[in-house]
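Worksheet: one structure, shown below.
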There are 2 protein chains.
Amino acid sequence: MTGVLVVDDDPHLLRILKLALETSGYAVTTAVDGRSALLAATQNPLALVILDLGLPDIDGVTVIKELREWSRVPVLVLSARHTSEDKVEALDAGADDYLTKPFGPDELLARLRALLRRSADLQAPEPVVVTENFTVDLAKHRVSREGADVRLTPIEWKILEILVRNPEKLITHRQLLTDVWGPAYAKDSNYLRVFMAQLRRKLEPDTGNPRHLLTEAGIGYRFQP
Amino acid sequence: MTGVLVVDDDPHLLRILKLALETSGYAVTTAVDGRSALLAATQNPLALVILDLGLPDIDGVTVIKELREWSRVPVLVLSARHTSEDKVEALDAGADDYLTKPFGPDELLARLRALLRRSADLQAPEPVVVTENFTVDLAKHRVSREGADVRLTPIEWKILEILVRNPEKLITHRQLLTDVWGPAYAKDSNYLRVFMAQLRRKLEPDTGNPRHLLTEAGIGYRFQP
DNA sequence: CGCGCGCATTAAATCCGCGTTAAGATTCAC
DNA sequence: GTGAATCTTAACGCGGATTTAATGCGCGCG
């Protein structure tokens, strides 16, 4: 089943969209503001995001940019604003399509199909990441080591997921902190140290010499498959 | 250079589009009907097709379908028809985007960038700077020399990043100091000497005769790829 | 020729971030 | 309400990164 995240602050429109999408066979999760949208995006396996730009808490373009820091999921923008500047800004921030209200449900669904068709090309048919010591199944929210399941707490999972979704890429303290605890905690990296230690204790054979969850002193962490 | 095929039966609009695209740095080929469009698509290496639906010989949707028989090149449709049915038909035939006339050139270019960005993911996502002695991967925050990773400290990385992001450009002491240490340190260039020495020791084969990290006496430093 | 200036290089001293642990605080299930 | 799991907070030692200082080199200039 294809997972779609719909973000809109209008509960009415949200209901309609959810219904229409579910009727067409998509698995829909919803969010009503930017913060919870970004949260939901880390916690669900998504094939596409439908994003209304007019959100109560964060500017929609900012949501796109933050999402693009670590995800390439296709983003279809809805907006009441129809000037060229608005469209250019959203598209250049990382959106894939821009649909102005009011719009017909048929067109929305067709554009959605077009985006999914295009991104199906690069959908790595492997939501499972394997290392010689442990395996991570993004879709199933599961981690196992030597055949046995490893129990991860929510925060541990979230950190691991962000790192694993960006193999070999250096993820900064700032990004991890804001994605897990919110922007208010962007400075305090003590949390990270504690939880990275936990993760390594659970996943690394030798916590003193980590082979997959690497520290980049002063900057962040990196996952090495 | 990115190749774009523009198909439109209106010579005036065709000229305008060609000019706008070439100004933006694309290599443009043109066609005025469906038959020659399909022919041109077989003969040129294309990154994208801009297709007007109102063609004299073949129906535009048919053109898309025929093209899709053998090519997955992104197709951006232009059309004067703005009903849902038209859009759905074109998108489901294989188009990636549908823009109704009249449209602003800015929006067209933004949508085109969005499509190219998406399809670029499929090919080679390598924002890497290479010299004959070392390579710098900005996205992954990685530097390697002769295949082996080079460990850089945060400050070393920051300096290198600034230089590498501006190849051949002269960066002043002042700019490097303020970007790395903050405006308060804008005067003291001793820091820079120490760290440039470190960088050269790690990256240059002959630190006495640097080939890539050059000193511009009295002014600043320069990166030469 | 001697002097001063800016740069490169090195080594020592200082400082800070990291990993680690463990003790409260909080949340959640029942 | 109780207990277990999880999160927060604080403290400490270590190693590496940054800072600081000292030295040598090349060049222009008096």
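Quick note on labels: first sequence line is chain A, next is B, and so on, each numbered from 1.
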Using whole Å, what does the distance between atom C1' of nucleotide dT18(D) and atom CH2 of Trp181(B) come to? 9 Å

Rounded to whole Å, please give me the gap between CZ in Arg193(A) and P in dC12(D). 15 Å

Expressed in angstrom and rounded to an integer, what is the separation of Glu156(A) atom CD from dC7(D) atom P? 6 Å

Quick check for you: among dT9(D), dC18(C), dT20(C), whose closest atom lies nearest to any side-chain atom of Thr207(A)? dT20(C)

Among dT18(D), dT20(D), dA8(C), the one nearest any side-chain atom of Gln198(B) is dT18(D)

Result for 5'-nearest mapping on DNA chain C, choosing between Glu216(B) and Arg201(A), is Glu216(B)

Could you tell me whether the side chains of Thr131(B) and Arg145(B) share a donor-acceptor contact shorter than 3.5 Å? no

Is the distance between the ring centroids of Trp181(B) and Phe195(B) under 6.0 Å? yes

May I ask you to say what Tyr185(A) touches in the nucleic acid, namely base, sugar-phosphate or nothing, with a heavy-atom cut-off under 4.0 Å? nothing

Test Thr178(A) against Tyr185(A) for side chain to side chain donor-acceptor pair (under 3.5 Å), laying out the working first. CA-CA 6 Å; Thr178(A) 56; Tyr185(A) 293 74; over 6 Å; no

Give the rounded distance in Å between these two atoms: CG of Asn190(B) and P of dT19(D). 11 Å

Testing dT8(D), dT19(D), dG19(C) for proximity to the side chain of Phe195(B), the answer is dT19(D)

Checking contacts here: which listed nucleotide (dA8(C), dT20(C), dG16(D)) is nearest the side-chain heavy atoms of Arg200(B)? dA8(C)

